[in-house]
Amino acid sequence: MSNPSPAQVATPDLDMSRTMPSGAKPMIRFSGICKAFGSLVVLDDLDLDIAPAEKVALIGPSGSGKSTLLRVLMTLERPDKGSIEIDGAPLWHMPKNGGLVPADGRHLREMRKNVGMVFQQFNLFPHMSVLRNVTEAPVHVLGIDKDEADARARDLLDMVGLRDKVNHYPAQLSGGQQQRVAIARALAMRPRVMLFDEVTSALDPETVGEVLSVIRDLAHEHNLTMLMVTHQMGFAREFADRVCFFYQGRILEQGPPDRLFNDPQNERTQAFLRAVLES
Amino acid sequence: MIWDWDYALEVLPKLLDALIVTVQAALVGFVIALVLGMLIALARRSGRLWLSVPVGALAEFIRSTPLLVQLYFLFFVLPGFGIQTSPFITGVIGLGVHYATYTAEVYRAGLDAVPRGQWEAAWALDFSPLHTFRSIILPQALPPVVPVLGNYLIAIFKDTPLLSAITVLEMMQVAKIEGSETFQYLEPLTIVGLLFLIVSLISAVLIGRLENHLGVLRRI
């Protein structure tokens with residue numbers, strides 16, 4: 001485990017000309033990631049470094065590989081080629097006899113503890129109360145004492161503005177409320193990296209704001225590394241340190257939001273931004 | 001042919017005794033079908049081909065052949081291989097294994113109906129496979145299929161007369177023995193029919209209640 005120097009952690013104004021703050025060891029490193037579903041190439045030899053505590057927005061047309069990149073990092077999909085490192089440790093491989101071999105289930109489980117994910121469809125457990133949705137994993141996976149897990153879950157639910165809903169069931173909540181529970185549930189595992197996969201796409205327009213505001217607070221108050229696939233360009237601009245434009249399984253262009261949105265260099269980026277901003 | 005009340009009352013206690021055997025056979029058979037069916041469903045879902053393919057083939061074979069043939073096979077052929085049990089146990093195993101191939105399909109439908117996102121959320125939260133299955137998936141997969149499983153309990157119950165073919169003293173066998181002694185079949189067979197009807201109706205009501213109860217649980 002690396003100890004990032006205080007300078008790295010406390011640098012909110014990153015040097016905007018670089019893809020990553022200088023000198024920082026990457027929190028996550030994707031190297032040459034390839035993934036195809038049948039003949040459909042979703043990720044095409046993709047490289048990407050993410051700095052500790054960096055907030056990165058992934059944008060691009062659907063099918064361009066943004067979500068798949070998150071799913072490969074969450075170990076929901078196995079990459080066909082390439083490697084991923086989380087804080088220097090290989091994710092899909094493990095060291096053995098001085099070399100690297102494909103990771104076994106135990107290694108994946110151990111590495112997965114670093115990463116939390118919030119899904120487009122919330123995926124709350126419908127048969128469990130809000131509180132139990134948040135405490136189930138800390139109690140059964142991390143082995144935290146139930147009272148302690150309860151107290152911490154209440155704090156998290158307070159943070160997402162749902163203190164009064166602890167005993168409700170998911171079906172009794174609006175989409176926005178369910179998604180906020182899902183965020184609390186992922187945070188309860190104390191991940192170092194949080195993945196947001198189009199978390200507002202399934203929401204009614206009037207509840208999008210409450211979810212984004214929770215994510216905004218998280219970005220400000222916590223030292224989390226955050227990757228967010230989003231179609232909300234306004235939010236990407238305000239939330240992200242860096243925006244990556246995906247096209248056909250590659251990152252065509254990336255940079256700080258101001259530059260990418262105001263002065264995109266690539267034709268495809270220009271066309272995409274024109275299309276989404278006009279709609 | 002005239003209904004003979006005296007005779008009917010005389011055979012009723014014997015038939016009620018046999019009803020207990022019938023109900024026992026149905027219940028034990030059902031429990032075997034419930035447990036074995038889940039194991040078959042899991043084996044068929046398994047990614048391990050050496051497990052899923054043979055279990056699938058065997059289940060299809062059992063489901064596609066008559067229960068009566070299977071009962072005869074268990075009763076007359078197995079002792080030749082040195083496996084000897086009582087007719088009751090043989091019959092209960094026959095019923096249970098046969099119906100397990102049906103309940104396996106019911107479980108499969110229930111498991112398939114749980115959205116993939118539930119597995120993915122459990123995976124992302126790092127639950128063990130066992131905890132995922134027991135605490136996340138099963139509680140969602142089972143309630144919707146309870147009515148169908150309940151119908152198979154009634155189906156098993158109605159198939160218990162087949163056990164008379166292998167000399168189990170269930171209701172049908174007792175009724176036939178009584179009838180053959182007096183040559184009066186009307187009363188015992190009518191009573192058997194009525195008892196089947198009564199027990200089936202009671203079961204249907206109980207299953208309906210369980211279903212309502214689970215429905216309420218799901219809606220809160």
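None of the values given here were measured: they were computed from a predicted structure. Numbers restart at 1 for each chain; the letters A, B, ... are given by sequence-line order, proteins then strands.
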Q: Heavy-atom pairs under 4.5 Å with chain B are the metric here; pick the option from A:H127, A:H140, A:R112, A:K113 that has the most.
A: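 If we count pairs closer than 4.5 Å to chain B, A:R112 comes out on top.
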At a heavy-atom separation under 4.5 Å, does [X] approach chain B through its side chain, its backbone, both, or neither?
| X | result |
| --- | --- |
| A:V115 | backbone |
| A:F119 | side chain |
| A:L124 | backbone |
| A:S129 | neither |

Separation of [Y] [atom2] from [X] [atom1] (nearest 0.5 Å):
| X | Y | atom1 | atom2 | result |
| --- | --- | --- | --- | --- |
| A:N114 | B:D126 | CG | CG | 9.5 Å |
| A:E136 | B:H131 | CD | NE2 | 3.5 Å |
| B:W123 | A:M74 | CH2 | CE | 9.0 Å |
| A:N133 | B:I136 | CG | CD1 | 8.0 Å |

Check whether any side-chain heavy atom of [X] lies under 4.5 Å from a side-chain heavy atom of [Y], and answer yes or no.
| X | Y | result |
| --- | --- | --- |
| A:P126 | B:Q118 | yes |
| B:E120 | A:R71 | yes |
| A:R109 | B:S128 | yes |

So does [X] have more than 12 non-hydrogen atoms from other groups sitting under 6.0 Å from [atom1]?
| X | atom1 | result |
| --- | --- | --- |
| A:R216 | CZ | yes |
| B:R63 | CZ | yes |
| B:F81 | CZ | no |
| B:F76 | CZ | yes |

Q: Considering non-hydrogen atoms only, spot the tightest contact between B:L125 and A:V141 and give its length.
A: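 Closest approach of B:L125 to A:V141: O-CG2, 3.6 Å.
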Q) Which heavy atom of B:S135 sits nearest a heavy atom of A:M128, and at what distance? A)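 It is O-CE, 3.5 Å.
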